[in-house]
Amino acid sequence: MVSPDRLAAFAALSLLLIVVPGPSVLFVIGRALAHGRRAALTTVVGNTLGAYLLVVAVALGIGSVVERSVLVFTALKLAGAAYLVYLGVKAWRRRGSLREAVAASGGPAHGGLRTLWEGFAVGVANPKTMVFFAAVLPQFVDREQGHVPAQMLLLGLVFNGIAVICDGVWGLAASAARDWFAGSPRRLAAVGGAGGLTMIGLGVTVAMTGRTD
């Protein structure tokens, strides 16, 4: 299975991606600001389930192809890295509109199942997470150990465990400081700008790392 060193490295890279306020985090914050703590945490659970469905798709779909082809692996990695940089630049340029994006995610309150489903839909459709799993998961698989899909599923559990904690903290913080967080466009712009720069750095990191065989 996956070695402890690979797990630690993957966890660090996952944390770097997860703390960036992307679509899922914005949705959680929006729910917290609009509906409070319970809606935010329910959204986190749904989002995590959606993200893990992406892990399963990558592990069972492209895992074996990427494992056998260095060309496919490299092309996928570089495409993923380029898209992460693109998302980072986009986030930086639109950092001033973060308040509107957060406000737009709020709406009439729904029941728990509806909120869970909406969180799931955001998680499974998150382009940042799609790119990360497709481009990065294969880099941390130990092909000599075999069971490549199982290793990817394990790495996905690590990612989603970190995501539950980090997204939950975002949701709790936003619900605990709703007026302060939503009342300053400058604060929200700083969050969006920092997220964009971090995503650009992550894209560069993805492009420069990986297997060499």
Side-chain angles (χ1 to χ4, degrees), residues 1-59 84 87-88 91 98 101-102 105 112-113 115-137 139-140 151-178 180-182 187-188 190-192 194-199 201-202 205-206:
M1 295 301 289
V2 184
S3 69
D5 290 343
R6 287 173 184 257
L7 278 175
F10 179 78
L13 195 57
S14 297
L15 179 62
L16 181 61
L17 177 80
I18 290 167
V19 297
V20 174
S24 295
V25 170
L26 284 181
F27 193 70
V28 170
I29 292 175
R31 286 302 186 192
L33 295 177
H35 307 305
R37 179 183 304 174
R38 183 175 180 178
L41 295 181
T42 302
T43 300
V44 169
V45 174
N47 180 42
T48 302
L49 293 175
Y52 197 72
L53 182 60
L54 295 178
V55 175
V56 174
V58 170
L84 286 171
L87 290 176
L98 186 59
V102 171
S105 65
L113 289 178
T115 301
L116 184 73
W117 167 251
E118 290 176 346
F120 176 87
V122 170
V124 80
N126 187 344
K128 185 176 71 171
T129 307
M130 289 180 190
V131 169
F132 182 79
F133 288 151
V136 176
L137 274 180
Q139 298 187 44
F140 291 89
Q151 291 188 55
M152 289 188 177
L153 292 174
L154 176 60
L155 291 170
L157 285 176
V158 172
F159 179 95
N160 280 279
I162 297 172
V164 166
I165 296 172
C166 292
D167 290 357
V169 169
W170 273 109
L172 292 174
S175 62
R178 294 166 73 175
W180 183 88
F181 196 68
R187 294 182 192 125
L188 289 175
V191 171
L197 291 176
T198 305
M199 204 180 304
L202 178 60
T205 300
V206 169

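Only this structure's heavy atoms are used, side chains among them; waters, hydrogens and symmetry mates stay out.
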Kindly list each side-chain donor-acceptor pair under 3.5 angstrom involving residues 6-21, sequence neighbours excluded, with atom names and distances?
residue	atom	partner	partner atom	Å
R6	NH1	V141	O	3.1
S14	OG	F10	O	2.8

Any side-chain heavy-atom pair of V44 and W170 under 4.5 Å: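 With C-beta onward as the side chain, the pair stays apart.
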
Within-4.5 Å side-chain heavy-atom neighbours: F120 and V45: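 No; the side chains remain at least 4.5 Å from each other.
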
Counterpart residues, side-chain contact (heavy atoms from CB on, under 4.5 Å), relative to V164 (two or more places apart):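 Residues passing side-chain contact (heavy atoms from CB on, under 4.5 Å) with V164: T48.
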
Qualifying residues under side-chain contact (heavy atoms from CB on, under 4.5 Å), relative to L172, sequence neighbours excluded: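 L172 satisfies side-chain contact (heavy atoms from CB on, under 4.5 Å) with R37, L41 once adjacent residues are dropped.
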
Heavy-atom closest contact (A40 atom, G171 atom, distance):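 Smallest interatomic distance, heavy atoms only, reads CB-CA, 4.0 Å.
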
Atom of L137, atom of G156 and distance for their closest heavy-atom approach: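 Of all heavy-atom pairs spanning L137 and G156, the closest is CD2-N, 4.4 Å.
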
Partners meeting side chain to side chain donor-acceptor pair (under 3.5 Å) with D167 (sequence neighbours left out):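 Once residues adjacent in sequence are excluded, the partners of D167 under the side chain to side chain donor-acceptor pair (under 3.5 Å) criterion are N47.
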
